[in-house]
Amino acid sequence: MVKEEQEESSNRPDNTAFTQQRLPAWQPILSASIVIPMFLLIGAAFIGVGVALFITSRDIQLQELDYTGDDSEHPCFKCRTNTEKCTCSMTFSIPTLFKGPVFFYYGLTNYFQNQRKYGASKDDNQLYGDLDYFTNPSTDCDPYTRDSKNMPIVPCGALANSMFNDSFSLSHTVNGVQKIVPLDGKGIAWWTDYNIKYRNPTLNSVFFSGTKKPTNWPKPIYELDTTDVYNNGFINQDFLVWMRRAALPDFRKLYRRITHDDYADGLPAGNYTLTIAYNYPVHSFNGKKKVVLSNVSWMGGKNDFLGIAYIVVGSMCVVMSVVMLIVYARFKFAEDV
Amino acid sequence: MTWRSPLALVRDALQGQRARERELRSLVSNLPYEGLEKGKQPNRFFLSNAIKTTKYSLLLFLPMNLYEQFHRLANLYFVGLAILNFIPVVNAFQPEVALIPICVIMLLTALKDGWEDFRRYQSDRKVNNTPCFVYSRREKQYVERRWKDVRVGDFVQVVSNEIVPADLLLLYSSDPNGVCHIETANLDGETNLKQRIVVSGLWNLGFEPESFNSTVVCERPNSNLNHFKCFVEKPDKDKVGASIESLLLRGCTVRNTNHAVGFVVYAGHETKAMLNNNGSRYKRSKLEQKLNVDVFFCLILLFAMCLIGAFGHYLWLESLPGVPSFLVPDSNGHLDVPSLESFYMFFTMIILLQILIPISLYVSIELVKVGQIFFITNDIDLYDEETDSRVQCRALNITEDLGQIEYVFSDKTGTLTENKMVFRRCSVMGTEYPHKENGHQPARRTTAWQKAQKQGGSECTQRCGLQQSTGMKTTHQKLLQQISRAESSGGRRDGNRSFDPHLDFFLALAICNTVVVSAENAHRQRVSLLQLTRNPLETFSSLVKKAGAFFQSNKRNRTLSEDPVIDSAKTEDEADANRLRTCSLHAPSQNGSTIVEAEELCYEAESPDEAALVYAARAYGFILLARTPDSVTVRLPSGEDLVFEVLDTLTFDSNRKRMSVLVRHPVTKDYVLYTKGADYSIMELLGTPYAENFSGTEKNIAADTQYHLDCYAKEGLRTLCITKKVVSESTCQSWLGERKRAQAAMECREELITQTAVQLETNLTLLGATGIEDRLQEKVPDTIVALREAGIHVWVLTGDKPETAVNIGYACRLLEEEDLKLLFFFQVTCTAILDCTLEEVRRYRDDPRNAGTTQNISLVIDGDTLDMAKSPDLQERFVELTKHCRSVLCCRVTPLQKSAVVKLVREKLKVMTLAVGDGANDVNMIQAADVGIGISGQEGMQAVMASDFAISRFKHLKKLVLVHGHWCYTRLANMIIYFFYKNVAYVNLLFWYQFFCGFTATTMIDYWLMIFFNLFFTSTPPIMFGIFDKDVSVEVLQGVPELYRTGQGKGEYNFLTFWISILDAFYQSLVCFFIPYLAYQDSDVDLFTFGTPLNTAALFTILLHLGIEIKSWTLVHWIIMLGSVALYFIVTLAYTATCVTCNPPSNPYWILQNQMADPMFYLIVTLCTVVALLPRYTFHVLKNSVAPSPLLQGRQLDRMDPSTRDQWIKEWRGFRGGAPAKRYELSDPPSPTLETPVDFFPEFLPDSNFMGDDLSLNVITESRQRAVHT
């Protein structure tokens, strides 16, 4: 009709909900009446989660052993300044069954693995097994690229060079006899690191010829674990664990798991001896070294914070809803108009 | 091409430069030189007609665009940082990666620029290749060429409906009178025909381009469309002057003229059209200025954070007892001393924390404005059916300024009023005659109308129909009788020198103007056809015309009431316009038989007043039949056609305020000067009495007329005085000689012409005066009241007389009866008076009785007084006084004063000003204000050209300012605040981490993800927020204009809101960092696994923060918000699944996948998000509950259903004492019937002393008046 005829005129804007900004819309108004039930709901849920988390965290057993040896009474004190190979041992007792599987961590404090230049000092392509980077490592690794004879270093960089090299063994005193607790070094690194990110060139020593070991290392990369070809070279699990940089200066890294034999269900109560091959210097950064035994839950290691935080926030929500209720009663809101 | 020495080239270039710079140019015809090489062409130095409006060329696009972009400080900053990243000692990321954001931003901008430029290139090419006809000597005829081949000195032939390719000096026209009609719609939007005249005295015989051997001397090109100075020097040194009257401008369309030939004087970029084409304007909005300050604050913040970083790094290095293995020396194995390291670290920190300065903010703001402009221009409420025009946004970046307006300066004529003039009353020889529209209708017809009204149900239908049925103005019978008497007596005394003044009066109306008479012929068919198709009413009325009045009108009314077209928009305005256009349908019926061919005539005038006068004259039987430069043909009521020889036309100018026509009467052979003009410019020029036989009354005529004029003014009519002067032949001839000399002068031509005009316009004899009504546009009072309620001071600046202005002021509710009014008219203002008034105003305001009411103080001031008030020693006080006034009415102000007032208020009060106007006289004001709005009305497009926004009706201002202004401002303000918040919140995550990594600028988030975070994951939601968010609906914003006040002054984007959001950002980043930190403490978490929940929590926090701020969620909001989250997970998952060795050192392979398999991840992210947003959420809730802001109340209104809401608004309105808008009295003029003519004056008497009567502040005024008199 005539109306349509008019709309044909070229300049007339389209009369649609979109162009006229009349799209149907949800217009929530934040006010107490809507918020009170919401706050209550959130509060209840949070408290529930918090309690669950707290209980789980409480159930986790934790055994920390500081073996830095700063104290002259400490058995490892002698090793602290010793540059030679040095071993020391510490004894500790576990009062009740330490439920398995038990995770064996080593820990460092004040160690800034998250330093920017330190973290960048590696060559991913080299670690991926790319032979071009064996002879010619990336400059990212400077100054740990080549040794004084200008031979390329594999694996290059500060990160690999500073690899943690203390080693531990744990023995259980059963009836006065030291019984070695078997430590499982498999599967402690990320599956993707082990299978995808890090690769060995097929034949170890051949391809590593013409390269040098990192200056701080006692042995070359292809001799890290001569007993197991699947735990040697770049895919050595200890190496992989070290190469995954810790986020914070006080960290722990997984060393072994206790999953075998009699200890599959956990460490029984009793006395244990930890023997440490003490190599790694920590006095240059005022650090501490420790060993941590812990079992884990679905939420990981022991951490009370999250549970408490949930409970606190949940309670706050409940309190807020009460406050809101008072406010609501006090100011008959404009919604009634 | 022949080789020429570089020296010759340089010499040529210099010569060309000089030739173009010269004050006067001498141009000769190209024809004798046709076919010669370029070096021999006389006009080779002048630009060719090819135009190039593109900014870039294909080869130079990249460097030029980069150069343009680097003019932005922000871009330089980011490029500088990217370059800094290439310096090894300070770099924070891989240098190449750091370039990505700035490259993406600049690439986007370059693409946008390139696309725009390509569009310009295309249109240039199209224009340059348009064909046209140029004379060729070789072919002895006009041959087809392209526009770009036209050169200065060519002869170009243009035919009807063709567009003129260059500025042509008109030498020949097919019209026997040497006239060429053009339409300048392309240039200034004026669609009326304009006459151009062939340069006279050049051709004795026929026109022949080849024989053109004169030199054309013209001035240097300038952009003034209304001035052109030139003379043609013939070989015999005789000079013929030519002005704009003989210039066909490039871009104009030739109409009603078969063909015309012109000589090219300016081509290409030197044409007036191109010189006027400046493209869209760039203004910096207040918000953007504020934004730059805050960017500066951010810079300070950034520096502080970087200093902390550098200092922290120093302390950390100092605290290390030895050189641990994690400290990496440089490639030589050398470690720098801590102080130097921390110095480097400062710069590294800048690179790391650079996005604290929001890189994409500027691009986002531009995008948001594009969106806002899209919605403004697409608003159907701002669309005008009648002119088929939308609102135009000419300045693209000040949309948000519309939301902060505190002062509106408005023109009156054409802005508040229709500028469609209706002849209402006239006074001839001291006798007053009303002339009414819709005068009398037979009683039976009225009943038919009432029936129709019942059917249709709306008053509008009735009015609409009324207009249509009567159509023409019904003349005053007494006046008609008077005329016919005079006519017959004049006929008897044919040849007698005395001519009845009534006849003279109407002759003057018909002759003394510059109206173009055009026939409704094929050339202009376009318009009338359009009108017909668009308005079915027209077809009906023509039917009516054919078939006879009563029966048809009855039938039509039935049709009308059933017709859906008749909505409220189609009121009388449209009918009015149509009547003016297709005037043939409404020819006066009284003379129906005598003017068969006159029905075909249409009058097109530059000013609507003139058209109204000519139509009025026609209604009384004086029909202007034709107008040529030399003659005017008028048909008298007796049917006799008189051809007056026009000797000269003294055109209107704003200094003289009058125009005159010097004609020779065909019968009496008298030289007669008819002058019409503003009363005050005419009254002082009145000379000897009109004729001896009126000697007894002659003195009274002037006095009576003056009295009538005053009455007209009080009724709000526009007044004009009509005078006549008989000039003796000798005087006339000598004057004409002088005039000719003045017109050929090159130096101070305007002054000389004005002088000659003033010389002749003396000793005038008063014939009478006219009163023309200019109706208020629809909804003007409503709009002004709404603006006032929105806290905007409204000033009306008009050139009218105070009485007219005050009356209009009441009518449009600028002034209210109960207002306290201050009137300043005495041309003497001093400190004491102003002080006294100020004191009074303050007392009035502080008076407890007035405590509850809003300040209703209005000020009326006239131009001369205003000049004094603006003097440096008084302006402070004056501005202080006006600050207290809700509305100010300035009368009799000149265009320059208008802009001066705007500047004064804007600079002294530091407020946001808006100026709205429609005519050339408002251009200064529009440019002086922060926001200039042009109304594309009757007076051409000059105001629109100068404006930032162009609307078609004044009422659109309400929605434009109150709704779109408010929306644009709140949207943009909130978006900018959010943008700052977003960047600070995100960057601070990195900053807090520095405390745990020895301030070594480590990132725990992959750098690519950080870039994506800003560029993709969180960039669209704020843009969407800036374009779509709607805090309060249209209905509520228009119903409760008070809501507009939230944006005024500092508005929502101020110091406080900015810093609150920055503090909130700090808090949220603390939460998002430390909750994961504490949760992962003492665990074997690795760097990027730790960063993932941080990044995710930040994403949710930042998006949900926006979610709290969003006021209305439409489908678009949901899609974009959920889409952003989805995009984050999809991109991150894809990236972490594919990137095995890429992007060292992070190579985030499989990290998010690992995290997403861990319940801790979800728990941490949830906790972070909730804790981070809880304070803001609670704050909003408590504020909304305890102290709801006006905007929130508005939103609550929105939630009611429409009928309750309207009811509520109405009640609220009534409660606050806002009376419903009064109807504008002048639109319903008193309509005494023919049988009982009511005297015109008594109804004015009560008002006549309104100056004293309306004053509540009598004491002051009186004392001041006394002060003036003594």
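Note on naming: letters A, B, ... go to the chains in the order of the sequence lines (proteins, then strands), and numbering restarts at 1 for each one.
- The closest side-chain heavy-atom distance from Phe112(A) to Phe996(B) is not below 4.5 Å.
- Note that OG1 of Thr348(B) is 5.0 Å distant from CZ of Arg116(A), once rounded to the nearest 0.5 Å.
- Using a 4.5 Å heavy-atom threshold, the side chains of Val35(A) and Tyr1177(B) count as touching.
- Using a 4.5 Å heavy-atom threshold, the side chains of Arg245(A) and Asp1086(B) count as separate.
- Trp190(A) and Tyr1149(B) have their aromatic ring centers separated by at least 6.0 angstrom.
- Between Tyr328(A) and Ser1185(B) the shortest side-chain heavy-atom distance does not fall below 4.5 Å.
- In this structure, the portions of Gln115(A) lying under 4.5 Å from any heavy atom of chain B include both its backbone and its side chain.
- Between the OG atom of Ser325(B) and the CG atom of Leu159(A) there is a distance of 10.0 Å, given to the nearest 0.5 Å.
- Between Leu1115(B) and Leu23(A), every side-chain heavy-atom pair lies at or beyond the 4.5 Å cut-off.
- Rounded to the nearest 0.5 angstrom, Leu1182(B) CG and Met324(A) CE are separated by 4.0 Å.
- For the residue pair Asn114(A) / Tyr993(B), a side-chain donor-acceptor distance below 3.5 Å is found, with atom types taken as modelled.
- Heavy-atom distances place the backbone of Asn110(A), and not its side chain, under 4.5 Å from chain B.
- Heavy atoms closer than 4.5 Å to chain B are found in the side chain of Met320(A), but not in its backbone.
- Of the atoms belonging to Lys122(A), it is side-chain heavy atoms, and not backbone ones, that fall under 4.5 Å from chain B.
- Side-chain contact between Leu1167(B) and Leu306(A) is present, with heavy atoms from C-beta onward closer than 4.5 Å.
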Let me have the donor-acceptor pairs involving side chains of residues 307-314 of chain A, under 3.5 Å, with sequence neighbours excluded, atom names and distances please.
unit_1    : atom_1 : unit_2     : atom_2 : d
Tyr310(A) : OH     : Leu1163(B) : O      : 2.5

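- The contact between Asn303(A) and chain B is made entirely by side chain atoms (from C-beta outward), counting heavy-atom distances below 4.5 Å.
- With a 4.5 angstrom heavy-atom cutoff, Pro24(A) touches chain B only via backbone atoms.
- Under the 4.5 Å side-chain criterion, counting only non-hydrogen atoms from C-beta, Trp26(A) is not in contact with Thr1114(B).
- Taking CZ of Phe103(A) as the start and CG of Asp1084(B) as the end, the distance is 9.0 Å to the nearest 0.5 Å.
- Using cut-offs of 30° and 60° for the angle between ring planes, the Phe326(B) and Tyr111(A) rings count as perpendicular.
- Remark: side-chain polar atoms of Lys197(A) are not paired, donor with acceptor, to backbone N or O of Val1140(B) under 3.5 angstrom.
- For Tyr118(A), the parts lying under 4.5 angstrom from a heavy atom of chain B are both the backbone and the side chain.
- Residues passing the disulfide (SG to SG under 2.5 Å) test with Cys317(A), sequence neighbours excluded: none.
- For Phe251(A), the parts lying near chain B are the backbone and the side chain together; criterion is any non-hydrogen pair under 4.5 Å.
- Only the side chain of Tyr280(A) comes within contact range of chain B, judged by heavy atoms closer than 4.5 Å.
- Neither the backbone nor the side chain of Leu127(A) comes within less than 4.5 Å of any heavy atom of chain B.
- Pro13(A) has its side chain within reach of Arg390(B): a pair of non-hydrogen atoms, C-beta onward, lies under 4.5 Å apart.
- Contacts of Tyr128(A) with chain B are made by side-chain atoms alone, with heavy-atom separations under 4.5 Å and no backbone atom involved.
- Contact annotation for Met38(A): only side-chain heavy atoms (C-beta onward) come within less than 4.5 Å of a heavy atom of chain B.
- Aromatic rings from Phe18(A) and Phe375(B) are positioned such that their centres are separated by under 6.0 Å.
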